[in-house]
Each structure stands twice: as C-alpha cells, then as structure tokens.
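Here is the structure we will look at, set down as structure tokens.
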Amino acid sequence: MMWPNFFVQEEEQRYSGRGRGQRGKGLTDAQEGKIKLAFFVALVGVTLTVLAVGTEFWVEVNTYKQNHSSICEAAHFGLWKFCHKKLWIADVDDYRLTCGPAELPGESNCTYFKFFTTGENARIFQRVTHKDLNISAAVMSLLSITFMVMGSICITMVLSKGVEFLLKPASFFFILSGTFVLITMELFRQAVRWLMASNQKVPLEYEYSWSVACAAAAGVILIFGGGCCLILVLPALPKKPWEYCLKKGNSS
C-alpha cells in the first residue's frame, strides 16, 4: 500500500528540483539575467533614438554677429521641424564670431518642413533644402523605430512566455535598427551639406548639436545590444578551443 505514495513523492521531488534550476518557461536564472542585461542595453539605445528623432537640435545654422547691430539670427532643425530664432548679441559669448548657441533665450518660430505638408523645399537663410535627402532620412528613422519595437516585443515574449527562438530575430532587429540610425545620420549630413552649398551669398556657419550625439550613441548601443543577444543565441564554445580541435582531428 505504500508504493503509490512513494512514487508520488519521488515525482514531486523530481519536478521541484527541476524548478529550482530552471523555471517552467524554459530559461535558467543565469540565462534570464543575461537576456535582461542585453535588453537593458538595447533599451538605452531605444531611449536615445526616440530622444534624437523627436527633437530638432540636429544642426545649428548661425549668422555672423558683425552683420548685425543688436539682434542676430540663428536657426536649428532636425528631421521634422525647423526653428528660426532671434537672439540678443549681448547674450552671445564674446569669443563667438557667430550667433548662438540655439539654447539662448530669444524669439523663436518653429514650423514643420514644407516637404512634409506641401511637398516643397524649405528655405533657410536664402538656402534651399534637398527634400529627397531629408525625407529619406526621416523614413529611415521611422524604420529604425519600427525594428526597435519588433525587437522589444520579441525579447518580451522570450522573458514572459519562454519562446527562446525569438531571441535570434530580436538580435537582428536591434542590429538593423542601429544600422538604420547610422544611415539616417549620414543622409542628414548629406542634406546639410547640400543646404549649405545651395547659396553662398549670405555667410553662415553650421555645427551639429546634441541630438546628433544622441543618435550616434543610440546607433552604436543598439548594434552592441543586438550583438549581445546574438551571442546568447550561439552555442556555448568549449573553454579550451584547441582541445576541441584536437578531438575533431582524432575523430577524423
């Protein structure tokens, strides 16, 4: 009469021991911790990308102070919006030859680029934008955010449902999103160069601002986070690779 109870207790101990080393969703505590760490790195890149894409401080275009008496003009823009500012020369640092930076207080007028509304090129200080380059940069940034969302969904499914095979698509999504962020930066750089070369009558100076720094950091971090996820997918290598090669040679 004691045999059935003995088998029941043995099965309970077996499943309880398995639960301590590995959770029911198929991930050990060590694997889950590594995935969460890689996901955290990718989320840092996602945050920086959203911050860069949503702000208009990619580049600052400044006029020279010597061409103005009391008020000078400056502008800054990003992927979507252009802002024209009028600054007091007294607020500008003495060592600067040009007006700026754009963070100084002053009268500001911000509008979305015309090529998103009417399809026309925008004019900035008698210079004309290249709408094809600007639109391409904006589209690439949206594609990058789309891949980030898809990668985040895959990682969430891995952690919550134990769907381990989604870890590899997540790594590729994050790597692609980081690559698209860097492509967006290059397209934007070409658009700025086209803008500055379109008219040389009014002397201007331009400098890239903090939104570009966020985008550059985001691209590198996303690729690194995707690479970390990809490493977790790859099979574990032996601690001593030369022993593995010797065994392969002996077996052959």
Less than 4.5 Å apart, any side-chain heavy atom of His76 and any of Val59?
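Of all side-chain heavy-atom pairs linking Val59 with His76, none is under 4.5 Å.
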Would you say that Trp210 contacts Thr55 through its side chain, given a criterion of any heavy-atom pair below 4.5 Å between the two side chains?
yes
Got a sec, which pairs hit side chain to side chain donor-acceptor pair (under 3.5 Å) with one end in residues 168-191, sequence neighbours left out?
Glu186-Arg189, Glu186-Gln190
Identify the heavy atoms of Thr156 and Ser160 that sit nearest to each other, and give their distance.
O-OG, 2.6 Å
Does any pair with a residue in residues 35-118 pass disulfide bond (SG atoms under 2.5 Å apart), and if so which ones, sequence neighbours excluded?
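Pairs touching residues 35-118 that pass the test: Cys72-Cys99, Cys83-Cys110.
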With a 6.0 Å cut-off on the ring centroids, do His84 and Phe125 count as close?
yes
For this output row, return yes or no: ring centroids of Tyr112 and Trp80 closer than 6.0 angstrom.
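Ring centres of Trp80 and Tyr112 not closer than 6.0 Å.
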Members besides Leu37 in its Ile/Leu/Val/Met/Phe/Trp/Tyr cluster (side-chain heavy atoms under 4.5 Å)
none
ILVMFWY clustering at 4.5 Å (side-chain atoms), partners of Ile89:
none
Sequence neighbours excluded, every pair satisfying salt bridge (charged side-chain N to carboxylate O under 4.0 Å, His left out) that has a member inside residues 51-65
none
With under 30° as parallel and over 60° as perpendicular, where do the rings of Phe77 and Phe188 fit, or are they tilted in between?
tilted
Quick one: sort the Phe174 and Phe39 rings into parallel, tilted or perpendicular, breaks at 30° and 60°.
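Aromatic pair Phe174/Phe39 classed tilted.
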Carefully, step by step, assess Lys34 and Thr28 under the rule side chain to side chain contact (heavy atoms under 4.5 Å, CB included).
CA-CA 10 Å; Lys34 293 177 181 178; Thr28 63; over 6 Å; no
Of all residues at least two apart in sequence or in a different chain, which pass the side chain to side chain contact (heavy atoms under 4.5 Å, CB included) check with Thr146?
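Once residues adjacent in sequence are excluded, the partners of Thr146 under the side chain to side chain contact (heavy atoms under 4.5 Å, CB included) criterion are Met150.
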